[in-house]
Enquirer: 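Below: one structure in structure tokens.
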Amino acid sequence: MSDVNELKSSLNGKGLKVAIAVARFNEIITDKLLEGAVRQLATLGVAEKDITVAHVPGAFELPGLCRKFVDSRKYDAVMAIGAVIRGETSHYDVVVNASTGGIASLAAEGKVPVILGVLTTDTVDQAMNRAGLKAGNLGCNWASTAVEMANLYKTLGK
């Protein structure tokens with residue numbers, strides 16, 4: 001294993017620019033996720049002036065804004081934050097598939113890391129628990145992932 005060229009990742013956010021697209025739908029949840037993400041980015045050294053946040057109506061609109069962020073070439077990482085909670089109709093499946101598929105497609109292009117931060121839960125309680133009520137705030141995890149992946153991409157060269 002000593003001859004293996006292992007790329008080291010880093011959680012040092014100093015100098016990184018991060019864009020966050022956040023859905024307003026289920027705002028009580030997405031606001032908490034956003035707070036966790038911004039707090040974690042700051043903890044990792046990302047300067048407040050280097051964090052850009054833009055709101056969209058819902059999770060369905062996240063891939064379009066993320067595309068704009070990626071295409072601008074201004075950011076080292078892009079995060080998409082949303083919360084889709086199952087209802088009584090099949091609309092949930094349409095929104096989940098469109099938002100996650102669009103974000104995954106952008107991420108797979110590999111121009112910059114695009115982090116999928118869209119909760120897909122059956123209940124509001126499940127979503128609240130993942131936004132910091134009981135199980136920690138997943139926004140923090142997504143922010144750490146953004147910094148780690150941005151540094152890995154920098155190691156490889158864009």
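Reckoned from all heavy atoms, side chains included, excluding hydrogens, waters and symmetry mates.
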Enquirer: Heavy atoms only: give me the nearest L44-A143 pair and the separation to one decimal.
Expert: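 Shortest heavy-atom separation between L44 and A143 comes out as CD1-O, 4.4 Å.
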Enquirer: Please identify each residue that fulfils side chain to side chain contact (heavy atoms under 4.5 Å, CB included) with A42, with sequence neighbours left out.
Expert: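 Not a single residue meets the side chain to side chain contact (heavy atoms under 4.5 Å, CB included) criterion with A42.
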Enquirer: Do L34 and I85 belong together in a cluster built from hydrophobic side chains that touch within less than 4.5 Å?
Expert: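 Yes; tracing contacts between hydrophobic side chains, which count when under 4.5 Å, links both residues.
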Enquirer: How would you list, by chain and number, every residue that makes a salt bridge (Lys or Arg N to Asp or Glu O under 4.0 Å) with R130, sequence neighbours excluded?
Expert: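 R130 satisfies salt bridge (Lys or Arg N to Asp or Glu O under 4.0 Å) with no residue once adjacent residues are dropped.
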Enquirer: Could you please spell out the steps behind the side chain to side chain contact (heavy atoms under 4.5 Å, CB included) verdict for I20 and T52?
Expert: CA-CA 6 Å; I20 305 172; T52 299; over 6 Å; no
Enquirer: Over all heavy atoms of both residues, which pair between P113 and A150 is shortest? Give the atoms and the distance, please.
Expert: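 Nearest pair, atom of P113 first, then A150: CG-N, 3.6 Å.
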Enquirer: Going by atom type alone, with no hydrogens or angles, which donor-acceptor pairs under 3.5 Å involve a side-chain atom of residues 26-33 and a protein atom two or more places apart or on another chain?
Expert:
unit_1 : atom_1 : unit_2 : atom_2 : d
N26    : ND2    : A83    : O      : 2.7
T30    : OG1    : A23    : O      : 2.7

Enquirer: Under 3.5 Å, is there a donor-acceptor pair between the side chain of T43 and the main chain of R39?
Expert: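 Yes.
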Enquirer: Tell me the salt bridge (charged side-chain N to carboxylate O under 4.0 Å, His left out) pairs involving residues 141-151, sequence neighbours left out?
Expert: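 Salt bridge (charged side-chain N to carboxylate O under 4.0 Å, His left out) check on residues 141-151 returns no pairs.
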Enquirer: Could you report the tightest heavy-atom contact between Q40 and C140, atom names first, then the distance?
Expert: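 Minimum heavy-atom contact is CG-O, 3.3 Å.
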Enquirer: Considering all heavy atoms of both residues, which atom of L16 and which atom of D76 are nearest to each other, and what is their separation?
Expert: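 Minimum heavy-atom contact is CA-OD2, 3.3 Å.
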Enquirer: If you measure from CG on D50 to NZ on K14, what distance do you get to the nearest 0.5 Å?
Expert: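 With rounding to 0.5 Å, CG (D50) is 11.5 Å from NZ (K14).
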Enquirer: Run the side-chain hydrogen bond (donor to acceptor under 3.5 Å, both in side chains) test against S10 and tell me which residues pass, sequence neighbours left out.
Expert: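 Counting only residues at least two positions away or on another chain, S10 forms no side-chain hydrogen bond (donor to acceptor under 3.5 Å, both in side chains).
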Enquirer: Do P63 and I103 have side-chain heavy atoms sitting under 4.5 Å apart?
Expert: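 The answer is yes; the side chains approach within 4.5 Å.
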Enquirer: Who passes salt bridge (Lys or Arg N to Asp or Glu O under 4.0 Å) against R24, sequence neighbours left out?
Expert: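 Partners of R24 under the salt bridge (Lys or Arg N to Asp or Glu O under 4.0 Å) test: none.
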Enquirer: Quick one: list whatever passes side-chain hydrogen bond (donor to acceptor under 3.5 Å, both in side chains) with E109, sequence neighbours left out.
Expert: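 Testing E109 for side-chain hydrogen bond (donor to acceptor under 3.5 Å, both in side chains), a comparison that skips the adjacent residues, returns R67.
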Enquirer: Under the ring pair (Phe, Tyr, Trp, His ring centres under 6.0 Å) definition, can you give me all pairs with a residue in residues 42-71, not counting sequence neighbours?
Expert: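 Found F69-Y75.
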Enquirer: Identify the two heavy atoms, one from A37 and one from M79, that lie closest to each other, and give their separation to 0.1 Å.
Expert: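 Shortest heavy-atom contact: CB-CE, 3.8 Å.
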Enquirer: So, using side chain to side chain contact (heavy atoms under 4.5 Å, CB included) as the criterion, who are the partners of E61 when residues are at least two apart?
Expert: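 Here the qualifying residues are V56, P57.
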Enquirer: List the atom pairs, with distances to 0.1 Å, where a side-chain N or O of residues 89-100 and a protein N or O form a donor-acceptor pair under 3.5 Å, not counting sequence neighbours.
Expert:
unit_1 : atom_1 : unit_2 : atom_2 : d
T89    : OG1    : H91    : N      : 3.3
N97    : ND2    : D93    : O      : 3.1
S99    : OG     : V95    : O      : 2.8
S99    : OG     : V96    : O      : 3.4
T100   : OG1    : V96    : O      : 2.6

Enquirer: Donor-acceptor pairs under 3.5 Å, side chain of residues 114-128 to any protein atom, not counting sequence neighbours: which ones?
Expert:
unit_1 : atom_1 : unit_2 : atom_2 : d
T121   : OG1    : T123   : O      : 3.1
D122   : OD1    : R86    : NE     : 2.8
T123   : OG1    : Q126   : N      : 3.0
Q126   : OE1    : D122   : N      : 2.7
Q126   : OE1    : T123   : N      : 3.2

Enquirer: In the structure I gave you, are the side-chain heavy atoms of L152 and L7 within less than 4.5 Å of one another anywhere?
Expert: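 They are in contact (side-chain heavy atoms under 4.5 Å apart), so the answer is yes.
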Enquirer: The criterion is side chain to side chain contact (heavy atoms under 4.5 Å, CB included); which residues satisfy it with N141, sequence neighbours excluded?
Expert: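 So N141 forms a side chain to side chain contact (heavy atoms under 4.5 Å, CB included) with L138.
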Enquirer: For A21 versus C66, what's the shortest heavy-atom pair and its separation?
Expert: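 Here A21 and C66 meet closest at CB-SG, 3.9 Å.
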